[in-house]
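Below is one structure; the comments refer to it alone.
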Amino acid sequence: MYSAILLNEKSQLALAAWADKNIKINTVRLPVLVRDNGWKMYCHHMTIQYPGTPEFVKPYLKTDQKLEVTHVGVSNKAVAVRVVGFHSANKIPHITVAVNVRGGGKPVDSNAITDWVPVENGPKLKGTVEELN
């Protein structure tokens, strides 16, 4: 079990669409990487804590929360967006956008991203605080 803000469907689709238009890796736009180069889209959740749920988070379970994208992070294994709006035990609160599956990437590789670029007018997202398996 871990705790996370699970993005609602509208926010998942909005983040994926925004990423398609705004994220490039070595001049290649994200949709091309996903379609032709073995990347997989996620845009699913922001981890609050893995494993477990901190006591102070339990009153927020099943509540809706807002997150705002402030940065994009890229590595050769993962792409993520940095977010603000709710506590995360991760050093950098983020949502994994895509993973280089063909290159051995996994969603956890977003935690190792060190190259973060600020974005202006990043999407505003909504989700529910959940305990997930």
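Given the structure is predicted, the values throughout are model-derived calculations rather than measurements.
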Those residues at least two apart in sequence (or on a different chain) that pass side chain to side chain contact (heavy atoms under 4.5 Å, CB included) with N76 are none
Any pair counted as ring-ring contact (aromatic ring centres under 6.0 Å, His included), so long as it reaches residues 1-30, sequence neighbours left out
Y2-H45, Y2-Y50
For the hydrophobic clusters of this structure (ILVMFWY residues joined by side-chain heavy atoms under 4.5 Å, transitively), does one cluster hold both V97 and V72?
yes
Compare all side-chain heavy atoms of I25 with those of V79 and state whether any distance is below 4.5 angstrom.
yes
What residues form a side chain to side chain donor-acceptor pair (under 3.5 Å) with S11, not counting sequence neighbours?
N8
With sequence neighbours excluded, give me every side chain to side chain donor-acceptor pair (under 3.5 Å) pair touching residues 101-116.
T96-S110
When rounded to the nearest 0.5 angstrom, what is the spacing between CD1 in I5 and OG1 in T128?
9.0 Å
Find out if a path of hydrophobic residues (ILVMFWY) with successive side-chain heavy-atom gaps under 4.5 Å connects I95 to V108.
no
For a 4.5 angstrom cut-off between non-hydrogen side-chain atoms, does D64 reach K126?
no
Count I, L, V, M, F, W, Y as connected when their side-chain heavy atoms are under 4.5 Å apart, and connections chain through other members. Are V83 and L30 then in the same cluster?
yes
Go through the structure and list residues passing side chain to side chain donor-acceptor pair (under 3.5 Å) with Q65, not counting sequence neighbours.
T63
Closest approach of A80 to H94 (non-hydrogen atoms, all atoms of both residues)
CB-CD2, 4.0 Å
Donor-acceptor contact present, side-chain H44 to main-chain Y42, <3.5 Å
no
Just jot down the salt bridge (charged side-chain N to carboxylate O under 4.0 Å, His left out) partners of K66, sequence neighbours excluded, or say none.
none
Counting distance only, does the side-chain N/O of T47 pair as donor-acceptor with the main-chain N or O of Q49 below 3.5 Å?
no
Of V28, V32, V34, which meets side-chain contact (heavy atoms from CB on, under 4.5 Å) against W39?
V34
Among residues at least two apart in sequence or on other chains, which ones pass side chain to side chain contact (heavy atoms under 4.5 Å, CB included) with A16?
M41, C43
Expected output: side-chain N100 to main-chain G103 donor-acceptor under 3.5 Å
yes
Not counting sequence neighbours, which residues clear side chain to side chain contact (heavy atoms under 4.5 Å, CB included) with T70? List them please.
R82, V84
Holding to side chain to side chain contact (heavy atoms under 4.5 Å, CB included), I want the full list of residues that pass it with K124, two or more places apart in sequence or in another chain.
E68
When you group the ILVMFWY residues by side-chain heavy-atom contacts below 4.5 Å and let the links chain together, are V117 and L67 in the same group?
no
When you look at CG of N121, are more than 12 heavy atoms from neighbouring residues, nucleotides or ligands closer to it than 6.0 Å?
no
Side chain of S3, backbone of I48: donor and acceptor closer than 3.5 Å?
no
Is there any side chain to side chain donor-acceptor pair (under 3.5 Å) pair reaching into residues 51-62, and which pairs are they, with sequence neighbours excluded?
T53-E131, E55-K58, K62-E130
Here the pair of heavy atoms bringing I113 nearest to V74 is CG2-N, 3.6 Å
Taking the side chain as every heavy atom from C-beta outward, state whether M1 and N133 have any pair of such atoms under 4.5 Å apart.
yes
What residues form a side chain to side chain donor-acceptor pair (under 3.5 Å) with N37, not counting sequence neighbours?
none
Tell me which pairs pass salt bridge (Lys or Arg N to Asp or Glu O under 4.0 Å) where either residue lies in residues 6-22, with sequence neighbours left out.
none
Give, for atom CD1 of I92 and atom NE2 of H71, the distance between the pair rounded to the nearest 0.5 Å.
8.5 Å
